[in-house]
Each structure stands twice: as structure tokens, then as C-alpha cells.
Protein chains: 2
Amino acid sequence: MPTRGEDTRARIVTASAALFARQGYHGTGLSELLDAVGLGKGGLYHHIASKEQLLLEIMLEPIDRVLASSDRILAADTDATTKLRALGDDLGQAMAADLSAWTVFLREYSALGQDGKTQVLGRRQAYLDRWRRVLIDGAASGEFRPIDLAFVESILGLFIYTFVWARDDTPAQELTNSIMGVLMHGICTPTRSA
Amino acid sequence: MPTRGEDTRARIVTASAALFARQGYHGTGLSELLDAVGLGKGGLYHHIASKEQLLLEIMLEPIDRVLASSDRILAADTDATTKLRALGDDLGQAMAADLSAWTVFLREYSALGQDGKTQVLGRRQAYLDRWRRVLIDGAASGEFRPIDLAFVESILGLFIYTFVWARDDTPAQELTNSIMGVLMHGICTPTRSA
DNA sequence: CGTACCGGACCGACCGGTCGGTTGGTAGTG
DNA sequence: CACTACCAACCGACCGGTCGGTCCGGTACG
């Protein structure tokens with residue numbers, strides 16, 4: 001029973017994300033993909049358009065996920081401090097759930113074609129805009145110190161890099177706490193940060 | 001006059017760092033290197049042992065630089081707060097000075113052989129130990145809140161990712177200030193952070 | 001029977017690396 | 001000084017292998 005339908009496609013995406021994360025996109029040959037998925041070339045190319053399109057798909061999936069959940073967080077009727085915390089927790093959780101894809105997201109941007117770069121860049125900007133908004137709102141309400149907004153660019157790196165390099169035995173929640181601990185203290189006004 | 005001596009070798013390292021940063025290690029062919037350096041294959045391989053050894057050299061150079069300067073900073077007779085600030089400034093300066101090599105450092109770890117991975121990992125650990133030490137000393141002297149030491153793993157990512165993704169027109173000092181601003185507030189005890 | 005699915009022979013381009021050979025500058029010798 | 005010996009620097013044809021991708025002939029399920 002050769003697992004029909006979308007099932008196969010999901011297997012392809014998962015397996016190649018793992019391979020790309022471990023060996024890099026250009027460092028992973030078709031033949032390795034084939035072995036990992038258990039298909040021949042024809043079978044693989046029945047499901048995907050090209051190796052590069054596959055890479056793009058891998059990179060868009062995780063960023064789209066946090067993009068969606070960040071919208072939900074922003075929409076809630078809570079103060080900026082709570083939202084900031086939620087944004088961080090959500091990001092940590094997303095990375096732990098799909099570390100391979102995030103690793104690829106961190107490392108393989110340059111392997112994308114011009115088209116893919118534009119798309120990824122757009123999503124990235126959109127996501128960082130969510131953080132920016134919370135930072136601005138929090139500063140306006142007095143919850144946060146006036147933060148240099150350039151710092152927002154750093155947040156993604158702060159998370160991705162940490163998760164990618166963490167020993168696998170460290171629980172995701174612990175990493176997130178460690179990061180958010182410094183972040184909250186660094187951003188909130190002294191009276192609130194205690 | 002065909003530029004003799006070590007000169008050529010330096011040109012090779014610089015040029016390939018730039019190429020690897022832009023297109024990735026596996027994404028850069030020998031022929032592109034050849035064009036960039038202005039050599040034939042034989043000429044190139046007269047100077048280097050292999051493409052991979054070249055990659056290792058590119059990645060070791062920047063980390064060795066900050067490793068050395070961090071030793072000087074640690075040796076100084078100053079308080080932990082000053083050292084932390086100095087560590088950050090030095091790192092930012094190093095990255096701005098050699099952004100291509102740092103970009104490769106961020107992205108191409110997986111392209112290294114087992115041997116190279118070990119070397120890079122060792123340097124990375126050694127460098128992070130410098131930060132760890134300052135954090136511990138500062139906590140002991142009461143300058144810093146007791147920080148989760150796992151956070152140290154995040155610091156490199158905080159810097160590299162920011163510098164690699166920054167629009168080129170942002171001055172390095174500004175990026176460093178933005179990062180260190182949050183970092184110092186996040187780490188120092190409230191009475192000192194104001 | 002149609003059609004979704006798949007294997008594998010096959011393609012040209014390009015990969016990193018080797019090798020035999022040329023060249024131009026320099027040091028040694030009488 | 002002339003002459004030789006030597007060698008770092010360099011070239012580019014060439015190597016076997018692998019790359020991503022195409023295509024065609026099945027096969028088996030609905």
C-alpha cells in the first residue's frame with residue numbers, strides 16, 4: 001500500500017526539511033531525498049515542481065504559521081506586556097515544533113531564487129511588524145521603555161539561533177523562558193520588570 | 001607583475017568569503033572563485049588544499065579574532081558592567097569589519113567536515129565562556145540580576161543575525177547600541193540600569 | 001477503462017580536483 | 001658579468017562522478 005494522496009507530499013516536505021537542515025540545500029542531492037522518501041525520481045517529481053520550489057515551501061510554512069498566530073495574539077484585548085510575552089512563547093513553541101524547517105529558514109535564504117527571496121522577505125517583514133506594533137503600543141502606554149525599533153530585527157535571530165544551536169535535551173519552554181526573561185527585563189519599565 | 005606571495009592567498013580568502021556569503025558554499029562553484037580571483041585552477045590549488053579547507057579558514061578567522069580581543073577585555077581591571085559593554089562593542093565592531101566571513105560563519109556550519117565542525121564548535125564554546133564568565137562575575141558582585149546562563153547561547157545569534165540582515169546603510173555602532181541597550185537593561189540590576 | 005502514481009534509464013551541464021607543463025624571477029658559481 | 005639550476009606561481013585540458021531534471025513505460029486502484 002503505497003500511501004496515496006497528500007500524505008506522500010507531506011512526507012516529502014518533512015523528510016527534505018530534515019535533510020536540508022542537516023546538510024544544507026545544495027549539500028543534499030536528489031538521490032538522498034529519494035532514499036529518505038522512498039521514491040524514484042519520477043515519483044518525486046510527480047509531487048513537486050522542482051527542488052527549489054520545495055525549498056521555498058519548507059521556508060514559508062513555519063513563518064506563515066507564526067504570522068497567523070501572531071495575528072490572533074495582536075487581536076486579543078490585553079496589554080502590551082501580555083502580548084509581548086505571548087509573542088515570545090508562541091515563537092518558541094513554533095520553533096520547537098518544527099525545528100528542521102526553522103533551521104532551513106535560518107541558513108538557506110541565499111539558496112532561494114529571486115522570487116522566493118521576495119516572498120520570504122515579505123513574510124519576515126510582516127511578522128516583525130507585529131512585534132514592532134506591540135513595542136510601539138507598549139511604549140505609548142508606558143509599559144515599555146522607548147526601545148530602539150531597530151532592535152526588532154534582532155528578535156528573530158535571538159530565537160532561531162538559540163533553538164538551532166541548543167543541545168537537543170534542553171526543553172523548549174526553558175529556552176523560551178531564558179530568552180524572554182532577559183527580553184522582558186530589557187524592555188519593560190523598571191517599575192514593572194521586578 | 002602577478003602579485004606574489006601571501007598577497008594572493010589573502011585575495012583568495014577575501015574573495016571566496018564574499019562569494020560564499022552571497023551564494024552559499026555549495027552554491028559557489030570553483031569557476032566562480034576562479035573568475036573572482038583571476039586565476040586558473042592550477043593557480044588556485046597551488047595556494048589552497050581544498051575548497052573545504054578554504055571554508056574552514058574563512059570561518060575560523062573571525063571567531064579567532066574576537067576570541068583574542070575578548071581575552072584582553074577579560075584581563076582588564078574593570079567591573080563586570082564595563083566588561084559586558086566592551087564585549088558587545090568589540091563583537092559588533094568585528095562583525096562590521098568582516099561581515100562576509102561572519103555571514104559564512106552563521107550559515108555554513110553544516111558544510112564543514114567533521115574535523116572542521118569540531119574546531120569551530122570548540123572556538124564557539126571558548127568564546128561564549130568569556131561571556132559566561134563576565135555574567136557570573138557580575139552576578140556575584142551584584143551588578144547583574146542572576147541570569148539564566150542558557151541565555152549566553154543566544155548572544156551570538158543576537159549579534160550575527162542582526163548584522164547579517166541589517167540594511168547596509170545602518171552604521172555598525174547604531175546596531176550595536178540598539179542590541180546592547182536592551183541587553184544591558186535586561187541584565188543589570190534595576191538600580192544600575194537607569 | 002481512466003487516471004493517479006511511480007520506477008528508472010537517460011540527459012547535458014557542471015562538480016571539485018589532478019596533472020603535465022610553461023614561465024619568470026632569483027640565487028649560486030666561475 | 002654570463003650561465004645554469006632551481007622553484008614558486010600559474011595555466012588549462014582533462015578526470016570520474018554527481019547534479020537537477022525529463023520522459024516514457026508500466027502498475028494498480030477507483
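We name chains A, B, ... by the order of the sequence lines, and we start the count at 1 in each one. Excluded from the calculations below are hydrogen atoms, water molecules and symmetry mates; all remaining heavy atoms, backbone and side chain alike, are included.
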- Distance in Å, B:Y45 OH paired with B:L54 CG, rounded so as to fall on 0.5 Å steps: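 Output value for this atom pair is 8.5 Å.
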What's the [atom1]-[atom2] distance between [X] and [N], to the nearest Å?
X: A:L39; N: D:dG26; atom1: CG; atom2: P; value: 20 Å
X: A:H47; N: C:dT3; atom1: NE2; atom2: C1'; value: 14 Å
X: B:L44; N: D:dA9; atom1: CG; atom2: P; value: 13 Å

- Task: Give a yes/no answer on whether the side chain of A:H46 brings an N or O atom under 4.0 Å of OP1 or OP2 in C:dC5.
- Result: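 True: A:H46 side-chain N/O within range (under 4.0 Å) of C:dC5 OP1/OP2.
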- Query: For the residue pair B:W131 and B:F159, does the interplanar ring angle fall in the parallel (under 30°), tilted (30 to 60°) or perpendicular (over 60°) class?
  - Reply: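 The rings of B:W131 and B:F159 sit tilted, inter-plane angle from 30° to 60°.
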- Checking all strands, does B:G38 fall into the base, sugar-phosphate, or nothing category for heavy-atom contacts under 4.0 angstrom?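 The answer is sugar-phosphate, as B:G38 gets under 4.0 Å only of primed atoms, P, OP1 or OP2.
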- Residue pairs involving residues 64-108 of chain B (criterion ring pair (Phe, Tyr, Trp, His ring centres under 6.0 Å); sequence neighbours excluded):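 Matches after skipping sequence neighbours: B:W102-B:F105.
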- Task: Answer yes if the side chains of B:Q93 and B:D89 hold a donor-acceptor pair under 3.5 Å, and no otherwise.
- Result: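 No, because no side-chain N or O of B:Q93 sits under 3.5 Å from a partner of the opposite role on B:D89.
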- Output yes when B:E57 and B:R9 qualify as a salt bridge under the 4.0 Å nitrogen-oxygen rule, no when they do not.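 Answer for the salt bridge query: yes.
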When you compare the protein's N or O atoms with those of nucleotides 15-21 of chain C, which come within less than 3.5 Å of each other, and at what distance?
unit_1	atom_1	unit_2	atom_2	d
C:dG16	OP1	B:T28	O	3.2
C:dG16	OP1	B:K51	NZ	2.4
C:dG16	OP2	B:L30	N	2.6
C:dG16	N7	B:K41	NZ	3.3
C:dG16	O6	B:K41	NZ	3.3
C:dG17	OP2	B:Y45	OH	2.3
C:dG17	OP2	B:K51	N	2.9
C:dG17	O5'	B:Y45	OH	3.4
C:dG17	N7	B:K41	NZ	3.2
C:dG17	O6	B:K41	NZ	2.1

- Item | Other residues, nucleotides, ligands: >12 heavy atoms within 6.0 Å of B:D115 CG |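 Not more than 12 within 6.0 Å, no.
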